[in-house]
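Below, all heavy atoms of this structure are taken into account, side chains as well, without hydrogens, waters or symmetry copies. So you know, we letter chains A, B, ... as the sequences are listed, proteins then strands, and number each from 1.
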Amino acid sequence: MIDPKLLRSDPEGVAKILKRRGMQFDWQVLRDCEARRKAVQQRAEGLQAERNALAKRVGQAKARAEDVTPLLAGQEQLSRDLAAAQQELETILEKWRRLTEVLPNLPAADVPDGTTEEDNVEIRRVGAIAAKDFPVRDHVDLGDRLGMDFAAAARIAGARFVVLSGPLARLQRALTQFMLDLHTREHGYTEIYVPYLVNRDSLFGTGQLPKFADDLFHVKDAGLALIPTAEVPVTNMVRDAIVAGADLPLRWVAHTPCFRSEAGSAGRDTRGMIRQHQFEKVELVQVVEPADSARVHEELTAHAEEVLKRLDLPYRVMALCAGDLGFASRKTYDLEVWLPGSGRYREISSCSNFGDFQARRLNARYRQTGQKPETVHTLNGSGLAVGRTLVAVLENYQQADGRIRVPDVLVPYMGGLKELVPAAPRAS
RNA sequence: GGAGAGAUGGCCGAGUCGGUCGAAGGCGCUCCCCUGCUAAGGGAGUAUGGGGUCAAAAGCUCCAUCGAGGGUUCGAAUCCCUCUCUCUCCGCCA
């Protein structure tokens with residue numbers, strides 16, 4: 001939610017900033033709506049004050065056992081006027097909500113200009129891409145005899161699911177454990193376990209609703225949806241709360257499955273584990289004081305990068321341009337890992353500073369002792385998307401014979417196993 | 001799933017037959033006094049959001065909010081309805 005005070009006082013200025021996202025919106029409608037709101041609210045509140053004063057006089061008269069009928073004369077008209085004014089005000093407020101809750105966050109000043117992915121700016125590249133002296137395979141080919149089974153998943157559930165078995169299942173668990181341990185032991189995050197089904201208010205708070213309902217799996221009977229990311233339940237920890245200033249920053253790390261309908265991406269990334277309806281993710285969330293959020297955004301990104309560094313996976317950091325920013329974000333860095341199988345970098349983490357945008361929708365505040373409550377800032381980032389990390393490990397650690405070397409940091413998590421060995425080709 | 005009880009300010013908790021209740025009291029917190037330090041004590045203050053006034057802040061003032069939504073009424077924390085959540089007992093169960 002954009003600060004309503006800003007929206008009311010300078011809708012044109014807001015429209016100008018949102019234009020950087022490639023977004024046109026009719027700010028004059030907002031301005032007119034606001035002008036009417038002010039007039040009607042004043043009228044409605046004036047009538048309410050009148051009614052309250054009358055009720056008070058009636059009460060006092062009754063207490064003195066006086067006849068109250070003369071006082072009640074004319075109140076019918078008042079009731080009708082009041083009801084009409086309130087009705088009108090409600091209509092205007094509803095319109096205001098409808099117009100403003102779909103407005104995305106304002107990009108930070110240092111977000112690069114641009115309209116599409118193509119305009120994102122590479123900030124840095126880390127890790128050398130190892131030259132292979134054999135034909136590289138992608139994770140689907142490699143996984144085929146390691147326990148990656150898309151056919152079984154299709155039978156069980158449908159397209160865009162996968163079954164992992166044996167060492168691959170364990171590798172996924174190892175990656176998860178490694179990430180959780182790194183963030184809890186070295187980066188100061190508290191591990192948190194949360195619901196995987198969330199209600200409408202939670203989805204509204206983080207910005208998935210009302211605009212992006214189609215991206216979710218809904219459990220209609222229960223009025224709930226499967227989480228598309230742990231960001232939703234974790235960030236909602238502070239919804240409708242006033243946190244003590246001394247308790248900030250809040251830092252949480254959660255491992256959850258994520259569920260996405262991928263409506264609108266039919267035909268895209270249909271091969272392999274890159275784009276699934278269900279995938280595992282380790283998510284970092286921070287709730288901080290406004291003055292800290294820009295710095296924390298850099299730190300949180302570094303925390304996610306550290307996972308890639310320790311896995312020795314080559315990656316680059318991209319600053320998203322204004323046109324490519326997510327709905328709720330004021331600034332985002334994407335981490336893209338090198339995938340030899342497709343010869344390109346692929347997003348494996350997205351680290352965003354939401355400023356006060358989510359916090360406003362969530363009504364999430366903090367209070368310094370003796371001060372007024374103030375809106376917090378929220379941030380999050382994948383640390384990392386586990387499924388895609390698994391893909392990256394397979395493709396970057398493959399050997400000429402199809403074996404996968406286990407990254408050093410994962411060996412303890414694999415019970416000492418140093419190599420994944422493909423099963424012999426099936427005799428058929 | 002069955003039966004019952006409840007939801008009030010940062011926390012606990014009172015609200016009588018609906019009337020001057022944004023709400024007693026306590027705890028906590030803030031400031032001041034007292035005190036060699038600590039402990040104890042005395043005093044004052046202490047919900048949130050919005051509108052108006054103001055250059056702005058302070059102040060003043062108005063409106064809303066006693067789980068949420070609707071209703072009855074001149075007037076609802078108090079009465080009625082629906083929903084959500086919590087608790088107790090029984091049943092079932094990972």
What is the pairing partner of [N], taking Watson-Crick or G-U wobble pairs with both distances under 3.5 Å in any strand?
| N | answer |
| --- | --- |
| B:G91 | none |
| B:C66 | none |
| B:G75 | none |
| B:G6 | B:C85 |
| B:A44 | B:U30 |
| B:A23 | none |
| B:U16 | none |
| B:G59 | B:U53 |

**OP:** Over all heavy atoms of both residues, which pair between A:Thr375 and A:Arg360 is shortest? Give the atoms and the distance, please.
**Re:** CG2-N, 4.1 Å

**OP:** Assign A:Arg57 to base, sugar-phosphate, or nothing according to its heavy-atom contacts below 4.0 angstrom with the strands shown.
**Re:** nothing

**OP:** Pick base, sugar-phosphate or nothing for A:Gln60, based on heavy-atom distances below 4.0 Å to the nucleic acid.
**Re:** base

**OP:** Give, for atom CZ of A:Arg367 and atom CD1 of A:Ile242, the distance between the pair rounded to the nearest 0.5 Å.
**Re:** 5.0 Å

**OP:** With ring pair (Phe, Tyr, Trp, His ring centres under 6.0 Å) as the test, would you mind laying out the steps for A:Phe357 and A:Phe327 before giving the verdict?
**Re:** CA-CA 10 Å; A:Phe357 186 86; A:Phe327 175 74; 5.5 Å; yes

Original post:
Where along nucleotides 71-84 of chain B does protein come under 4.0 Å, by heavy atom, of base (B) or sugar-phosphate alone (S), with - for untouched nucleotides?
Top reply: ---BS---------

Subject >> Footprint string (nucleotides 49-60 of chain B, 5' to 3'): B base within contact, S backbone only, - free, heavy atoms under 4.0 Å >> reply: SBSS--------

Please state the [atom1] separation for the pair [N] and [M] - nearest whole angstrom.
| N | M | atom1 | result |
| --- | --- | --- | --- |
| B:C29 | B:C11 | C1' | 11 Å |
| B:A40 | B:C54 | P | 49 Å |
| B:C81 | B:G6 | P | 14 Å |

Write down the protein N/O and nucleotide N/O pairs, taken from nucleotides 26-32 of chain B, whose separation is under 3.5 Å; answer none if there are no such pairs.
none

